[in-house]
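The chains referred to below are lettered A, B, ... by the order of the sequence lines, with proteins before strands, and numbering in each begins at 1.
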Amino acid sequence: MKLARRDLLKLAGGAALGTFFTPAPWKALDDVSIWTQNWSWMPVPPRGEATTRFTTCTLCPAGCPVRARCIGKQPVSLAGVGGGLCPAGLAGHHLPHYPGRVRGASHRGTRCTMDAAVAAVREVAKGGRVAILDQRPGRTASLVYRRWLAGQEGGLYLTPPAREDATLVALGGGLAFNLDEARTVVSFGAPLMEGWGSMARVLESRPKFHLVQIEARQSRTASMADTWLPAKPGTEAALALGLAHLLGSQDAGRFTPEYVERITGVPAAQVRQVARRMKDAGPAVVIGGGDPAGPFNREEEQAIAGLNLLAGAMGRTIVPRAEVPVPAGFDKLAAETALDDVPDGGIRLLIIDEAASGNPVPWSYLKRKLAPGAMVAAAACSLDGYASHADYVLPAPVYMETAQDVPAACDSPAATFSMAPGLLAPPEETIEPADFVLRVAGEGGTLAELLKARVEAIHKTRRGSVVTYADGTATPLAEMASADDLAKAFKAGARWTDAGTSSEAPGIAFAAVDAAAIERRAASAQFPLALVPFGWRGAAGPVSPIFSKLYQESRVRSSEGEARLNPATAREYGILDGGLMVVETSCGSQAMTACLDEGVMPGVIEAAIEPGTGVLEICDVEDWCGWRTAPARMRRA
Amino acid sequence: MAAKTKARYGMSIDVDRCTGCGACMVACAVENNIPPAPEGATDRKGITWIRVYKIDNGLPFPQNRSAWVPVLCQQCGEHTPCVSVCPQNAVEVDKTTGVVGQIPERCLGCRYCMAACPYQARYFNWWDPVWPAGMEKTLNPTVSPRMRGVVEKCNFCHGRLHEARAKAAAAGRREIDPADYVPACVEACPAQAITFGDLDDRNSQVARESREGSAFHLLERLHTGPKITYRSGRPWVHDALEIKVANNKKEPVRG
Amino acid sequence: MIRGKLFFAAGLLASLSAGWLGFPSMLYERVPQPLDFNHVAHTEKASMSCQDCHSLKEDGTFSGIPKVESCAACHAEPMGTTKAEKLLVERYVKPQREIPWLVYSRQPQNVWFSHASHLKLAKFECTECHGGHGKTRHLRPFERNRISGYSRDIWGPSISRIGAGRRPGMKMDDCIDCHRANHREHSCIECHK
Amino acid sequence: MDKELIIRGVRRASMGRFLLWLVPWAALLAFGVYAAGLCLYKGLGETNMDNRFAFGLWIFLDLSVIALGAGAFFTGFLFYILKKKELKAVINSAVVIGFVCYSGAVVVLAVDVGQPLRAWFTFWHPNVHSMLTEVTFCITCYLGVLAVEYVPILLKNRKLREVPRFLVFEWELHRLMYVLAAVGTFLSFFHQGSLGGLYGVLQGRPFAFREGFALWPSTFFLFILSAMAVGPSFMVLTTSLVQKITRKALVKPEVMQEMGRISGILLIVYVLAKTVDTLVWINSTSPSLGFPAHRFYASGPFGTWILFAEIVLFGLVPALILLSRDRRARMPWLISAASLACCGIVLNRFVMTIQTQAVPSLPFLPFVTYTPNWQEVGTFLAVVAYGVLVYSISFRYLPLFPQEKDLAR
């Protein structure tokens, strides 16, 4: 039989017809659609038992209690305990997977062993003039640094200048704010509503006080303040002296409201109004600094802090706070040294603990303090910060991996202690920065052991009470049988709060304010253009990749390399919204994208110090002390 | 009394409390397995089920004042613009919760619902989602990640409702404990600017707040019946959101 | 003319048999389970109840298949002589490795199924969905759909889904049939996540 | 072989020249297929569309192409149902153009949706309230109708006519043609309308939203009317374009004029309806939704000039030209008027798709702009190339213009 073309056609026709009466095409169509619903390249969330664990956030000084929803041991979402969390805290469990994470110790870019790093650092340390920059003072790790430095010749214990408790430090230390008592809060640029002290506490007290925000830019805090006084950048301290004058200070004789208006641009009537409020609607408290982007210099901070004495804050809104008990063996501790006081070229070995992100200091500023050929060792999680300039980079565990204690925030009237127990195991190659210093010191022991000793020391006091995060129950410490019970409670998530706050007015003899210096600075701050960096807590350290939501996808935060300026200023320089511009200071220039904003003071360029920008570096103008503002030039690119 | 298994979930957002920190956006992304935007993506291609917008009073410095308005799916109740347009029933209003659900597995990605939504609260997966290596371990198992080519949006953290219901069921109850069901953004907000709950329960905080004099809906006159209510005591915020224009025949806000 | 009809019929027949017989066997890939678990031995010889291993927890989650540590409670060393048990001890208990069970009834990632509400509220018996799985002596091979990756149990044993027999399948349509009959069909997101 | 395929009595270019003509179009098609493949493989992130501009170039051009392709159904309707016998001269060409437009649009839609493999869900789980469901059903069915209508034209090929069975089949199909034309008209009527309804029902978009009659918003009827009005104009344009390119007389001028006249009558009706609709929208619909209409024209490049252009320049003007016997008798006038009318419908579809999305709904959102990128343009050009290829081949081997033989003599 010969097959004709027609026969084959018939065959095919029959087959085609038949196929429609089988499940094959329909099932295949269905399965193909199901395939698109389960593509193999789609990530699959973990399966397993859901558990709840607790920790304390170490990403900023607030130390918020955190509830972690976990699958097995892996946290999959975080929440505050009895309150919210900030964006950084909410995505803290992503940090172990930060794409730019440091893996393994290295010496100038080449891998080395930890032992080699320890040996090299120890060798240099023998020569003295050793300094440690501790980004998060007040921890047990800080005690380790201070003890070691006390034994070194010329050992310097450094902390970042732009601290939230800068005002308290200026008043002599050992103090805390008590916002709950305050009815008027005068903030000199402190980001009270954005991340300062403990967010939960600030928000709880907020309805009770009138907030006066003195800040050149309309920050979030300024826009939410009851009164906003936009003083020209660099003239804030003059405004402080103006207020001091109205509150009866002798030092500030020349600073009449009219004179202040001329310098700062704040109407005299408003200055009077604020002074009246401080007098009549007390108790008042004056807070300076704390802006992550830049600190006030010493004179400025002192002028601001001094207002508290005039306003009668001491003992009411600023109270003495006891230290958390320290275990034996920490008798000799190096005192804090202000970075400003370190002579240029005065450091031979600088160890930086940047595992806990703090307020950044421009590298150029640190570099000036280094002797030629000085060694820098940075314990860091990523290369974005100082680690990129360091000789030795020591990979540090990140939040969730690190077992740390969390000191009290600056607005906690009582001493507190809590712990981040380290919910995840750190990668093998990492080292706790304090353990590194302990190894360099050759003192033996680990941070974990010292934490245990500290818990024992706390337990010995029998004071105060312990609140567990899980159910909020408070147990008097005296009722805890053993230090082990206390340690267990801390591990499971708990906070110890010292008994009773002291309302005793600390006897502070305040140093006279150098009004002349402030006047000089304020007068020289009358430049046509000012570059004002701004940042937010945690911006200096690594952040979760999810932050693209805030930078890129919603623009709720300024994205990398964006400068905000007033439309009038932009017009003057011929700059368009979204256009490229170059900002220049005496120490460098930076290309930025213009973003026009009526909320910015004319003549001011606001630049975010988000990760990856070099803004801070060009703000560090040498003869202008500090990087809070910098005289700048600008042109269209 | 019969078990209360029906609810009309809603939110009340206090614009005056919002500090614009973005915690809600991050919490939402973490909870709902929303990937970070790829390099080079713009604010118009990324996915943020809740997005915080900055508004201002339009005055020059120093009279200028800003406020922040978090905008998420408004869970429209009456003429839900997106439900009626979906050609294959991937969008619908759940009668027992009032939540507008979007099923990515049913969606064919025609984006008609996005064109229909006046609140710009719907987002399209322009790419397959990518998390940095290792980060898939941190994904939330109660929400399935979405593939490219489908639309997604806020569903009041429905995964949490699932869990709350399972918990209630394990105890033999049909009605859930309201404390067990709080969306991630509400829980995360440090300023506690967002209240969540059952609008049909007249005594709930959210229902009370929604009835306040300063309460309003976005684009009220479109008669979409949103279940998100905003509040502000600042007249300029009302002006900037054109509440007066939109509500010139001010109808009582349904709470 | 007859000849043409014959060819047509031959084509028809070929495609019908290919579609009804060849296609299903090609579509599914048979994967053996890592261990041959004997449910009967555990329930009868060891007199364990189903809940000993598959339990509902207070938070509403279902334990599913127990972890290897539960097995280790009894099988730290082999108790019997079966090959499967020896394999269990050597390959999983001692190295503390989880057994990669292939779950016949595993729903895809986008489905939220609450055992709690079906057991406690709807008062289902396990057998209503899982059939007599608890009474088996051997584990049948897992049949994986080559296109979609699903277990064959989801579609059900009958390729046409007509007259599926005792086990009706676990496709969405099967869920909906029951939900609809019980007036519990509210929305997609009730069961999809 | 090639010679044997060509219809008796007409002259066609040499095979070489014909291939030369095809090559650039084929290259364009290949480029476009690559661009579309990129979008399918990597996702629609390859395009410039985004969450604010969820519909872009493709939807706009789909709507335009389908509107212009309406010539197919409307000519069929006039010829088969209303028995306008003179349109026999263009009916075949109309069917091919309709087929090309519709199949092209469907292909682009398949790239445009994020999950084309799930497109059948619309048939299995349809939402009967959605205009898009109506569009999908009607377009798919109508594409089927067009394919069936295309078959008898194919069978008119010289070589295929040699098969006696095909001749019978063709004859049978011809008897069926009246039914098909009726079904096609019905389907087209609905999908042209529902394409308009697509936007008219968007309550959340006051720029597009229109009050309705019965089930449908006014745009439903306006789209039908405008498509019917412009369909013949587009036929005039394409026919004269083919005549230009092939340098042959294909259709008697009277036929062209007749099509122009029909276009003109419908266009003037459309312009009137559109004017009334716009006035109602400005004075009632839009303000009642809280959007004073002037706001839509306040920012961006879209001023009120666009309304003027749509209604007067591209509506009233061509309508008046086409209605004047003297003007339309002169080819340049006829062509210009037909072009204006076609521009008008494209502009209308542009306004409905693009401007609707560009104007913000929330008061704090800015006016947004969008420019298609090469992947989008490329994909669309592929459809144009495909259309040209199908039409060219059809023209060469099939009797698209029955009068050609007579006119050639």
Side-chain donor/acceptor of A/Trp35 to backbone N/O of C/Arg146, under 3.5 Å: no
So among A/Leu9, A/Leu8, A/Leu11, which one has a side chain to side chain contact (heavy atoms under 4.5 Å, CB included) with C/Phe7? A/Leu11
For residues [X] and [Y], determine if any side-chain heavy atom of one lies less than 4.5 Å from a side-chain heavy atom of the other.
X	Y	answer
C/Ile147	A/Ile34	no
C/Gln109	A/Pro45	yes
C/Tyr150	A/Asn38	yes
A/Thr22	C/Phe23	no
A/Glu49	C/Asp59	no
A/Lys27	C/Asn145	yes

If you measure from NZ on C/Lys171 to CG on A/Asp30, what distance do you get to the nearest 0.5 Å? 4.0 Å
dist A/Asp7:CG -> C/Leu6:CG (nearest 0.5 Å) comes out at 10.0 Å
With a 4.5 angstrom heavy-atom cut-off, is it the side chain or the backbone of [X] that approaches chain A, or both, or neither?
X	answer
C/Leu13	neither
C/Ala10	both
C/Lys67	neither

Which atom pair, heavy atoms only, marks the closest approach of [X] to [Y]?
X	Y	result
A/Phe21	C/Trp20	O-NE1, 3.1 Å
C/Ser15	A/Ala15	OG-O, 2.9 Å
C/Gly19	A/Pro23	O-CD, 3.7 Å

Tell me, out of A/Ala50, A/Gly18, A/Pro25, who's got the most heavy-atom pairs with chain C below 4.5 Å. A/Gly18
Can you confirm whether more than 12 heavy atoms, excluding those of C/Met48, are under 6.0 Å from its CE atom? yes
Surrounding NZ of A/Lys452 (heavy atoms of other residues, nucleotides or ligands, distance under 6.0 Å), is the total greater than 12? no
Is it the backbone or the side chain of A/Val32 that comes under 4.5 Å from a heavy atom of chain C, or both, or neither? both
